[in-house]
Amino acid sequence: MIESSGKYNFYIGLVLAMSSSLFIGGSFILKKKGLLRLARKGSMRAGQGGHAYLKEWLWWAGLLSMGAGEVANFAAYAFAPATLVTPLGALSVLVSAILSSYFLNEKLNLHGKIGCLLSILGSTVMVIHAPKEEEVETLNEISHKLGDPGFVVFATLIVIVSLIMIFVVGPRHGQTNILVYITICSVIGALSVSCVKGLGIAIKELFAGKPVLKHPLAWILLLSLIVCVSTQINYLNKSLDIFNTSIVTPIYYVFFTTSVLTCSAILFKEWQNMAADDVIGTFSGFLTIIVGIFLLHAFKDVSFSLTNLPVSLHKEDKGINGTLPNPYERFNNDEESASRVGDLPVTEGMSSRRNGNLAAS
């Protein structure tokens, strides 16, 4: 009976996590559509300090969609392992990319399409091999696990590392090293997810009629969550303000998810009862999602499609008889062309660029 209940909760959490990605991914499209409509009307843009978007129903629909997604994501942690819920958050990026190509006319290049396919494949593999954590249904059980020596040492190390990064490393290298602020967000994120997990269980108990509000752990978790999330938002915004978003996003996803997986493994010991193939499958799915997200973000501004593939694949490079030209003939032709170009006079500017230096002005 307990095993069937655990599977039932697992699938509830899975549906909530996926619906969260759909809501959050769609919210960006709705907000963008609303802002574009205001721009066509000639209203002052939000980036210029305007607030006309508050009168646009599409913008409000996007805001409500994001709120629904965050609520669904919060609830998912109460039913499914954090090892499953956190990596599936990458699907919101996938949903946003696909919807923007249809509704915002933003082209999804070949790298992006491959990244989407890899993200879907990796998510599917993770769902199949996701660990089934120990049954934790009450705040007393959470309290017992939080007092485990292994987790206490892990949490203490996170706090120490965070303080060192914030007060020592950050002021010196935060403006030049992209990993500093992202590391702060990621390691603290592991604690925030643990707080969300505990609060989700507390809410379930509250609906069941138990005196949760009298339990001091519920308030400790709430206060800790506020501190952790505030710190995350602060340093993530700093990182996005200094460095390129297309680089920050995939690095943050990898660091954050790795921290959450490590914290979840230590807190719930969910890897102990997993078979070797499930462990390998979980890591393989996670790595596949990482590659997909990297391709989707890092090359999103690169204009690349099937028509940009090597010349040997182009129809126009085929011979009259339908065959590709001999590579030795192509090399000879290129050599002859190069010799003819070499006979031409070279200006001082061209010579400077060839040597890797620009002429002094």
A.B. asks: Shared ILVMFWY cluster between Val229 and Leu163, side chains joined below 4.5 angstrom?
C.D. replies: yes
A.B. asks: Keeping Ser264 on the side-chain end and Val260 on the backbone end, is there a donor-acceptor pair under 3.5 Å?
C.D. replies: no
A.B. asks: Please check: side-chain N/O of Thr288 versus main-chain N/O of Ser284, any donor-acceptor pairing under 3.5 Å?
C.D. replies: yes
A.B. asks: Answer yes or no: is there a side-chain heavy-atom contact under 4.5 Å between Phe255 and Leu179?
C.D. replies: yes
A.B. asks: Can any side-chain N or O of Ser143 pair as donor or acceptor with the backbone N or O of Leu139 at less than 3.5 Å?
C.D. replies: no
A.B. asks: My understanding is that only residues two or more places apart in sequence, or in another chain, count here; which of them pass side-chain hydrogen bond (donor to acceptor under 3.5 Å, both in side chains) with Thr257?
C.D. replies: none
A.B. asks: Between Ala97 and Ser100, which heavy-atom pair has the shortest distance, and what is it?
C.D. replies: O-OG, 2.8 Å
A.B. asks: With a 4.5 Å limit on heavy-atom distance, are the side chains of Ile182 and Phe243 in contact?
C.D. replies: no
A.B. asks: Compare all side-chain heavy atoms of Leu91 with those of Leu94 and state whether any distance is below 4.5 angstrom.
C.D. replies: yes
A.B. asks: Given Glu141 and Ile201, is the side-chain contact (heavy atoms from CB on, under 4.5 Å) satisfied, shown in steps?
C.D. replies: CA-CA 10 Å; Glu141 293 177 359; Ile201 294 174; over 6 Å; no
A.B. asks: Run the side-chain contact (heavy atoms from CB on, under 4.5 Å) test against Leu99 and tell me which residues pass, sequence neighbours left out.
C.D. replies: Ile29, Val95, Phe103
A.B. asks: Under the 3.5 angstrom rule, does the side chain of Lys145 hit a backbone N or O of Ile266 as a donor-acceptor pair?
C.D. replies: no
A.B. asks: Might you confirm whether atom NZ of Lys113 has over 12 heavy atoms from other residues, nucleotides or ligands at distances under 6.0 Å?
C.D. replies: no
A.B. asks: Same hydrophobic cluster for Val159 and Leu267, using side-chain heavy-atom links shorter than 4.5 Å among ILVMFWY?
C.D. replies: yes
A.B. asks: Can you pull the salt bridge (charged side-chain N to carboxylate O under 4.0 Å, His left out) pairs that have at least one residue in residues 146-160, sequence neighbours excluded?
C.D. replies: Asp148-Lys269
A.B. asks: Below 3.5 Å, can you tabulate the donor-acceptor pairs from side chains in residues 12-23 to any protein atom, sequence neighbours excluded?
C.D. replies:
unit_1: Ser19; atom_1: OG; unit_2: Val15; atom_2: O; d: 3.0
unit_1: Ser19; atom_1: OG; unit_2: Leu16; atom_2: O; d: 2.8
unit_1: Ser20; atom_1: OG; unit_2: Gly69; atom_2: O; d: 2.7
unit_1: Ser21; atom_1: OG; unit_2: Ala17; atom_2: O; d: 3.4
unit_1: Ser21; atom_1: OG; unit_2: Leu88; atom_2: O; d: 3.0

A.B. asks: Check Ile290, Ile289, Val291 against Ile293 for a side-chain contact (heavy atoms from CB on, under 4.5 Å) and give me the one that passes.
C.D. replies: Ile289
A.B. asks: So which heavy atom on Thr83 is nearest to which on Met126, and how close?
C.D. replies: O-CE, 3.6 Å
A.B. asks: When you compare the side chain of Ile184 with that of Tyr181, does any pair of heavy atoms fall below 4.5 Å?
C.D. replies: yes
A.B. asks: If I compare all heavy atoms of Val152 with all of Thr156, which pair ends up nearest, and what's the gap?
C.D. replies: O-OG1, 2.7 Å
A.B. asks: Membership question, hydrophobic clusters at under 4.5 Å side-chain separation (ILVMFWY): are Phe207 and Leu222 in the same one?
C.D. replies: yes
A.B. asks: Do Leu121 and Val254 share a hydrophobic cluster, counting only Ile, Leu, Val, Met, Phe, Trp and Tyr and linking them when any side-chain heavy atoms are less than 4.5 Å apart?
C.D. replies: no
A.B. asks: Other members of the hydrophobic cluster containing Leu157, with the 4.5 Å side-chain heavy-atom rule, please.
C.D. replies: Val153
A.B. asks: Which heavy atom of Ser65 sits nearest to which heavy atom of Leu30, and what is that distance?
C.D. replies: CB-CD1, 4.3 Å
A.B. asks: Test of understanding: with ring pair (Phe, Tyr, Trp, His ring centres under 6.0 Å), list the residues that count as partners of Tyr252, not counting sequence neighbours.
C.D. replies: Phe256
A.B. asks: Determine, using the 4.5 Å side-chain heavy-atom cutoff (strictly less than), whether Ile166 and Ile164 are members of one ILVMFWY cluster.
C.D. replies: yes
A.B. asks: Is there a donor-acceptor pair under 3.5 Å between the side chain of Ser192 and the backbone N or O of Gly189?
C.D. replies: yes
